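Working notes for the structure below.
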Amino acid sequence: MIPLFILLACGRQNAGSSDYQKAVVGQGFALSDEYSDKERSIIDRLCTSYRNKRIQFQSLQETKKLDVKFEDKQCDNVQKTKIYNAELTLKQLLASGPMYFDGSVPVSYFSIVQTDKHGEAKDICEAVLSDKLPKKVITEREQITMYQFLRSNEYDGVDVIRKIIGAQDSATGELIGEKIIDVKVKTDSQSGHTIGLVMEIYKQEQCQEFPEKMLSFKQLTMKEK
């Protein structure tokens with residue numbers, strides 16, 4: 001295991017670089033069981049940010065709110081994007097349970113607050129923050145989930161969790177993405193946002209009845225209050 005201080009130092013050195021490229025459902029991805037050194041530095045920085053955000057949010061004395069924008073394309077009309085705006089309020093029912101953002105939104109959205117304990121990187125963060133080796137590929141029956149960790153210059157620099165779900169192509173050996181989720185997380189202090197705040201979640205997924213089509217959903221943080 002690479003020492004924590006090396007990972008953090010490496011993360012700071014790479015903070016300005018960008019290797020993010022948009023992935024598309026139906027694309028093939030080479031399967032790899034191990035994270036690169038750059039991915040490992042991003043994982044550590046991201047999970048540390050998530051943990052610190054969780055602790056900060058749980059200790060807030062005032063109500064936390066977000067102004068959020070949703071862009072939604074469903075399988076019944078993939079040519080039309082429906083746009084919604086909402087104010088979401090941070091809530092938590094149980095001390096041991098997840099925090100979530102609640103609001104009046106006419107569409108299913110990512111309400112769970114992404115942290116080291118809950119969300120798209122929960123298992124990975126629990127492993128790396130316990131000084132264990134996180135899994136890059138998880139296979140359950142015929143479905144494969146592979147993670148990538150990237151750096152993007154969007155939003156003045158964010159770390160990206162990419163979760164690719166699909167089946168393996170018997171001819172090429174590649175993972176064919178049937179569902180892709182990108183989570184873009186603020187992990188530096190060059191803006192007024194809370195470190196660890198999710199700036200954008202983007203989901204693409206094959207339509208079950210029409211595999212040649214894909215639905216998409218984008219959730220963007222416009223303002224933090």
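As the structure is a computational prediction, the values presented were derived from the model and not from experiment.
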Listed once per pair and sorted, the salt bridge (Lys or Arg N to Asp or Glu O under 4.0 Å) pairs that draw on residues 94-118, sequence neighbours left out: Arg54-Asp116, Lys91-Asp102

Among the clusters formed by ILVMFWY side chains lying less than 4.5 Å apart, do Ile164 and Ile124 turn up in the same one? no

Contacts of Phe101 meeting ring-ring contact (aromatic ring centres under 6.0 Å, His included) (sequence neighbours excluded), chain-then-number -> none

Among all residues two or more places apart in sequence or in another chain, which pass the side-chain hydrogen bond (donor to acceptor under 3.5 Å, both in side chains) test with Thr187? Arg151, Asp159

Considering non-hydrogen atoms only, spot the tightest contact between Asp188 and Gly157 and give its length. OD2-O, 3.5 Å

Does Ala86 offer a backbone N or O that forms a donor-acceptor pair with the side chain of Lys69 under 3.5 Å? no

Flag yes if Met199 and Ile195 sit in one hydrophobic cluster, no otherwise; membership is Ile, Leu, Val, Met, Phe, Trp, Tyr, and two members link when side-chain heavy atoms are under 4.5 Å apart. no

Can you check side chain to side chain contact (heavy atoms under 4.5 Å, CB included) on Leu129 and Thr48, steps first, answer last? CA-CA 8 Å; Leu129 293 175; Thr48 300; 4.3 Å; yes

NZ of Lys223 to CG of Asp67, rounded to nearest 0.5 Å, is 6.5 Å

Those residues that, when tested against Tyr155, pass ring-ring contact (aromatic ring centres under 6.0 Å, His included) (two or more places apart): none

Look at the side chain of Gln206 and the backbone N and O of Gln208, then say whether any donor-acceptor pair between them is shorter than 3.5 Å. no

When clusters are formed by joining ILVMFWY residues with side-chain heavy atoms under 4.5 Å apart, either directly or through shared neighbours, do Tyr20 and Val25 land in the same one? no

Out of curiosity, Tyr100 OH to Gln92 CD, how far, rounded to the nearest 0.5 Å? 9.5 Å

Validation row: Leu88, Val105 side chains within 4.5 angstrom (heavy atoms): yes

Gly166 and Leu175: which non-hydrogen atoms are nearest, and at how many Å? C-CD1, 3.5 Å

Quick check: do Val137 and Ile144 have side-chain heavy atoms less than 4.5 Å from each other? yes

For the residue pair Val158 and Val185, establish whether any side-chain heavy-atom pair is separated by less than 4.5 Å. no

Is there any salt bridge (Lys or Arg N to Asp or Glu O under 4.0 Å) pair reaching into residues 17-35, and which pairs are they, with sequence neighbours excluded? Asp19-Lys38

Any Glu174 side-chain heavy atom under 4.5 Å of Gln27 side chain: no

Answer yes or no: is there a side-chain heavy-atom contact under 4.5 Å between Phe210 and Val78? no

Taking Glu200 for the side chain and Lys184 for the main chain, is one N or O donor matched with an acceptor at less than 3.5 Å? no

Between the side chains of Lys132 and Glu126, is the shortest nitrogen-to-carboxylate-oxygen separation below 4.0 Å, so that they form an ion pair? no

Does Leu66 belong to the same Ile/Leu/Val/Met/Phe/Trp/Tyr cluster as Ile112, with side-chain heavy atoms less than 4.5 Å apart forming each link? no

I'd like to know if the side chain of Gln168 reaches the main chain of Gly173, judged simply by a donor and an acceptor atom lying under 3.5 Å from each other, with no hydrogens or angles considered. yes

Evaluate the side-chain proximity of Leu133 to Arg40: yes if any heavy-atom separation is below 4.5 Å, no if none is. yes

Rounded to the nearest 0.5 Å, what's the gap from CG on Asp44 to OG on Ser49? Could you check? 9.0 Å

When you group the ILVMFWY residues by side-chain heavy-atom contacts below 4.5 Å and let the links chain together, are Met99 and Leu60 in the same group? yes

Any side-chain to backbone donor/acceptor pair from Glu142 onto Glu140? Under 3.5 Å, distance only. no

Contact check, side chains of Tyr202 and Ile180, non-hydrogen atoms, under 4.5 Å: no

Enclosure of Gln21 CD (heavy-atom neighbours >12, cutoff 6.0 Å): no

Gln219 side chain to Tyr109 main-chain N or O, any donor-acceptor pair under 3.5 Å? no

From CD1 (Ile201) to CD (Gln114), nearest 0.5 Å: 4.5 Å

Of all heavy-atom pairs linking Ser17 and Asn153, the shortest is O-OD1, 3.6 Å

Quick one: does any side-chain atom of Lys82 pair with a main-chain N or O of Phe70 as donor and acceptor, under 3.5 Å? no

Pairs flagged by ring pair (Phe, Tyr, Trp, His ring centres under 6.0 Å) wherever residues 22-66 is involved - sequence neighbours left out: Tyr35-Phe149

Interatomic distance, CG@Leu90 vs NZ@Lys225, rounded to 0.5 Å, equals 14.0 Å

Test item: Met146 and Lys136 side chains (from C-beta on) under 4.5 Å apart, heavy atoms: yes

Donor-acceptor check, side chain of Lys53 to backbone of Val113, threshold 3.5 angstrom: yes or no? no

Checking Glu154 against Val160 for the side chain to side chain contact (heavy atoms under 4.5 Å, CB included) test, could you report, in this order, the C-alpha distance in whole Å, the side-chain angles of both residues, the deciding distance, and whether it holds? CA-CA 10 Å; Glu154 291 180 273; Val160 182; over 6 Å; no

Can you tell me how far CD of Glu120 sits from CZ of Arg162, rounded to the nearest 0.5 angstrom? 13.5 Å

Verify the neighbour count for atom NZ of Lys135: are there more than 12 heavy atoms of other residues, nucleotides or ligands below 6.0 Å? no

Expected output: side-chain Thr194 to main-chain Leu197 donor-acceptor under 3.5 Å: no

